Amino acid sequence: MLALAHHVESAIGRGLVASAADVAGQLGFTRARVTHLLDLLLLAPDIQEEVLFLEAVDGAEPLSERGLRAVAHAGTWKAQRERWREVKASF
């Protein structure tokens with residue numbers, strides 16, 4: 001989902017779509033869903049890099065998108081990193 005968020009942001013930035021609302025319509029998502037997706041871009045860059053390189057274990061992702069959004073909403077990048085360390089300890 002993080003990779004998709006980057007793709008959506010890039011498409012908006014390059015003018016391929018006018019807005020997140022347009023993306024929602026094209027993908028069949030609600031605007032709220034696209035907002036949730038784009039919230040992942042609030043993550044500190046180093047956390048984003050770690051997330052992009054996570055591998056599935058026994059076919060299951062080690063972290064839910066909802067859990068990742070909770071990290072993104074932790075506040076400052078320092079607070080995100082503290083929360084991220086806690087989350088990583090769980091998998």
Side-chain angles (χ1 to χ4, degrees):
M1 289 291 115
L2 179 58
L4 178 58
H6 278 282
H7 181 73
V8 167
E9 180 187 50
S10 175
I12 294 169
R14 291 182 306 174
L16 298 176
V17 290
S19 66
D22 288 342
V23 170
Q26 289 182 14
L27 295 178
F29 292 172
T30 64
R31 283 187 271 178
R33 179 70 182 108
V34 173
T35 298
H36 286 155
L37 192 66
L38 293 175
D39 280 352
L40 298 176
L41 300 176
L42 299 172
L43 287 164
D46 53 310
I47 296 172
Q48 288 189 38
E49 184 176 3
E50 284 189 58
V51 168
L52 289 170
F53 286 102
L54 284 176
E55 293 188 23
V57 178
D58 295 327
E61 295 294 332
L63 177 66
S64 71
E65 180 188 341
R66 179 176 280 184
L68 190 56
R69 281 197 319 267
V71 174
H73 292 175
T76 65
W77 284 355
K78 180 180 178 184
Q80 287 179 5
R81 289 180 181 110
E82 290 170 8
R83 180 71 181 120
W84 177 239
R85 278 191 292 278
E86 294 169 4
V87 169
K88 279 196 320 185
S90 71
F91 58 82

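Source: prediction; values computed, not measured.
- When every heavy atom of Pro62 is checked against every heavy atom of Ala56, the shortest pair comes out as CD-CA, 4.3 Å.
- Residues forming a side-chain hydrogen bond (donor to acceptor under 3.5 Å, both in side chains) with Arg81 (at least two apart in sequence, or on another chain): Asp46.
- Glu65 and Met1 make their closest contact through OE1-CG, 3.3 Å (heavy atoms, listed as atom of the first residue, atom of the second, distance).
- More than 12 heavy-atom neighbours from other residues, nucleotides or ligands sit within 6.0 angstrom of CZ on Arg33.
- How far CG of Leu40 is from CG of Leu68: 5.0 Å, rounded to the nearest 0.5 Å.
- Rounding to the nearest 0.5 angstrom, the gap separating the NZ atom in Lys88 from the CZ atom in Arg85 is 8.0 Å.
- Scanning both residues, Leu43 and Gln48, for their nearest heavy atoms gives O-NE2, 2.8 Å.
- Listed for the Ser10 side chain is no donor-acceptor partner under 3.5 Å among the backbone atoms of His6.
- Proximity of a side-chain donor or acceptor of Glu9 to a complementary backbone N or O of Leu38 within less than 3.5 Å is not detected.
- In terms of hydrophobic clustering, with Ile, Leu, Val, Met, Phe, Trp and Tyr side chains grouped at heavy-atom distances under 4.5 Å, Leu16 and Phe29 are assigned to different clusters.
- When all heavy atoms of Trp77 and Leu42 are compared, the closest pair comes out as NE1-O, 3.4 Å.
- The minimum heavy-atom distance linking Ala5 with Leu41 is given by the pair O-CD1, 3.7 Å.
- Side-chain N or O atoms of Gln80 include none that pairs as donor or acceptor with a backbone N or O of Ala74 at under 3.5 Å.
- Atoms NE2 and CG, on His7 and Leu2 in that order, are 13.5 Å from each other to the nearest 0.5 Å.
- Cluster membership for Leu52 and Leu63, using ILVMFWY side-chain heavy atoms within less than 4.5 angstrom, is shared.
- Between Phe91 and Val57, every side-chain heavy-atom pair lies at or beyond the 4.5 Å cut-off.
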